[in-house]
Undergrad: 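Encoded as structure tokens, here's the structure I'll be asking about.
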Amino acid sequence: MTYQLALFGDPVKHSLSPQIHQGFAQQFGFDIDYQLIQVSAAELRSRINDFFNSGGHGANITIPHKQAALAVTDQLTERAQQAAVVNTLFIKDGQLWGDNTDGAGLVNDFKQKQIQTHNQRILILGAGGAVKGILPALLATKPEHIRIYNRTIEKARQLAARSGNCDVLIKDDTTHAFDVLINGTSLGHHGQSPPLHPEWIKPHTIVYDLSYGEAAQPFLKKAMQLGVTKTFAGLGMLHHQAALAFERWFNRVPKITLPNNN
Ligand code: ATR
């Protein structure tokens, strides 16, 4: 039997998810067909319902539908409820469940890379769906604090208000330095980087971009120009969130092999 899987988003054509899941499936001898489905917000619900009604086994959701997908589900896992964004769909007892594996995926990648967050000072740039997805899992690692910096400060305020131990960094506040800096804006997809002030950086600061490939480069390059030596794109997070989604669909834990330097 061939298991039907899919990614719903816009754009989806550059996604690495099909290869990653094929690699996982091969580890267990499963036959999968992982389709990339580009879909508008207006069609999201009907396309997801059609997919599962015609035998779909599991799905991922990506930009820009991770928040909208909440409304399509019948049930949410605890971590999807906490994050209020969904990146994984699965069927259980005839109901459509939404899960969020992004946050745990990031934390697992941090563990593998030995990036400490416990008792550390973290700055997150951005306050959109990607940041919402990772915030509860990061807070659960008990950082000293998390500050959120966003162009639209009200969105940063709303996110911080929902989450303990979290506050907002006001525009151009350069009085704080951080141990870990995370770019969660979508600017890299347009070849741009959010602001990165030298005052935020110490010699040991680690800089991580939730994007991967070209989209991660503007921010990571800027960090390197400022002397940061430990920079990472989100390829590891992508693999780890995929592994957790695969586990939901197949009850198997796949091994992750990352390319060199990731
Ligand atoms: P995603 O699902 O990728 O997180 P999103 O929810 O649209 O997408 O969030 C995009 C993030 O990138 C937001 O933090 C957004 O800032 P605003 O909340 O002010 O919109 C940020 N972003 C996008 N374009 C930006 C720009 N030109 N300058 C600064 N921040 C930008």
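Indexing begins at 1, ligand by ligand and atom by atom, following the structure's order. Positions are given from 1, in the same order as the sequence printed here.
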Undergrad: Compute the centroid of each ring, for Phe250 and then for Tyr3, and state whether the two points are separated by less than 6.0 Å.
TA: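 Close enough - the centres of the two rings lie under 6.0 Å apart.
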Undergrad: May I ask you to decide if the ring planes of Tyr34 and His21 are parallel, tilted or perpendicular, using 30° and 60° as cut-offs?
TA: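 The arrangement is parallel - the two ring planes meet at less than 30°.
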Undergrad: Which pair of non-hydrogen atoms, one from Ser15 and one from Leu36, has the smallest distance, and what is that distance?
TA: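 Between these two residues, the closest heavy atoms are CB-CD2, 4.0 Å.
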Undergrad: Could you check Asp179, Ile146, Ile115, Thr141 and say which one makes a side-chain contact (heavy atoms from CB on, under 4.5 Å) with Gln120?
TA: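 The residue from Asp179, Ile146, Ile115, Thr141 that satisfies side-chain contact (heavy atoms from CB on, under 4.5 Å) with Gln120 turns out to be Asp179.
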Undergrad: Which is closest to atom 23 (C) of ligand 1 by heavy-atom distance: Ser186, Gly9, Ala130?
TA: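 Heavy atom nearest to atom 23 (C) of ligand 1 belongs to Ser186.
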Undergrad: Could you label the plane-to-plane angle of the Trp200 and His197 rings as parallel, tilted or perpendicular, counting under 30° as parallel and over 60° as perpendicular?
TA: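 The rings of Trp200 and His197 stand perpendicular, inter-plane angle above 60°.
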Undergrad: Please report whether atom 7 (O) of ligand 1 has a protein non-hydrogen atom at a separation of less than 4.0 Å.
TA: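 So far as the 4.0 Å threshold goes, atom 7 (O) of ligand 1 is out of reach of every protein heavy atom.
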Undergrad: Which one holds for Val131 and ligand 1: side chain close, backbone close, both close, or neither close, with close meaning a heavy atom under 4.0 Å?
TA: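 No part of Val131 is near ligand 1 at this cut-off.
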Undergrad: List the closest protein heavy-atom neighbour of atom 9 (O) of ligand 1: residue, atom name, distance to the nearest 0.1 Å.
TA: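 In this structure, atom 9 (O) of ligand 1 has Gly128 CA, 3.4 Å as its nearest protein heavy atom.
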Undergrad: Which heavy atom of the protein is the closest neighbour of atom 17 (P) of ligand 1, given with residue, atom name and distance?
TA: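 That would be Thr152 OG1, 3.4 Å.
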Undergrad: Around atom 20 (O) of ligand 1, find the nearest protein heavy atom and jot down its residue, atom name and distance.
TA: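 Among all protein heavy atoms, the one nearest atom 20 (O) of ligand 1 is Arg151 NH2, 2.8 Å.
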Undergrad: Which residue and atom name correspond to the protein heavy atom nearest atom 21 (C) of ligand 1, and how close is it?
TA: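 Of the protein heavy atoms, Thr185 CB, 3.8 Å lies nearest.
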Undergrad: Take every heavy atom of Ala127, measure it against each atom of ligand 1, and state whether any distance is under 4.0 Å.
TA: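 Contact present.
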Undergrad: Return the residue, atom name and 0.1 Å-rounded distance of the protein heavy atom closest to atom 16 (O) of ligand 1.
TA: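 The closest heavy atom on the protein side is Asn150 OD1, 3.2 Å.
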Undergrad: If you measure every N or O of Gly126 against every N or O of ligand 1, does any of those distances drop under 3.5 Å?
TA: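 Among all N and O atoms of Gly126, none is under 3.5 Å from an N or O of ligand 1.
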Undergrad: Considering only heavy atoms of Ile63, which atoms of ligand 1 have at least one such atom less than 4.0 Å away?
TA: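 The list of qualifying atoms is 3 (O).
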Undergrad: Considering the heavy atoms of Lys155, write down every atom of ligand 1 situated less than 4.0 Å from one of them.
TA: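 Those atoms are 17 (P), 18 (O), 20 (O).
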Undergrad: Among the heavy atoms of Lys66, does any lie under 4.0 Å from an atom of ligand 1?
TA: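 Lys66 does not count as a contact of ligand 1 under the 4.0 Å cut-off.
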Undergrad: With a 6.0 Å cut-off (strictly less than), is the heavy-atom count around CD of Glu214, excluding the residue itself, greater than 12?
TA: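 Not buried by this count: 12 neighbours or fewer within 6.0 Å.
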Undergrad: Tell me if the NE2 atom of His176 is crowded by more than 12 foreign heavy atoms within 6.0 Å.
TA: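 Buried by this count: over 12 neighbours within 6.0 Å.
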Undergrad: Geometry only, no angles: is Gln192 polar-contacting ligand 1 at N/O separations under 3.5 Å?
TA: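 No - when backbone and side-chain N and O of Gln192 are compared with those of ligand 1, no distance drops under 3.5 Å.
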Undergrad: Would you say the rings of Phe246 and Phe28 are close, in the sense that their centroids are separated by under 6.0 Å?
TA: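 Distance test on ring centres: under 6.0 Å, yes.
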Undergrad: When you look at CD of Gln114, are more than 12 heavy atoms from neighbouring residues, nucleotides or ligands closer to it than 6.0 Å?
TA: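 Atom CD in Gln114 is not crowded, with 12 or fewer foreign heavy atoms closer than 6.0 Å.
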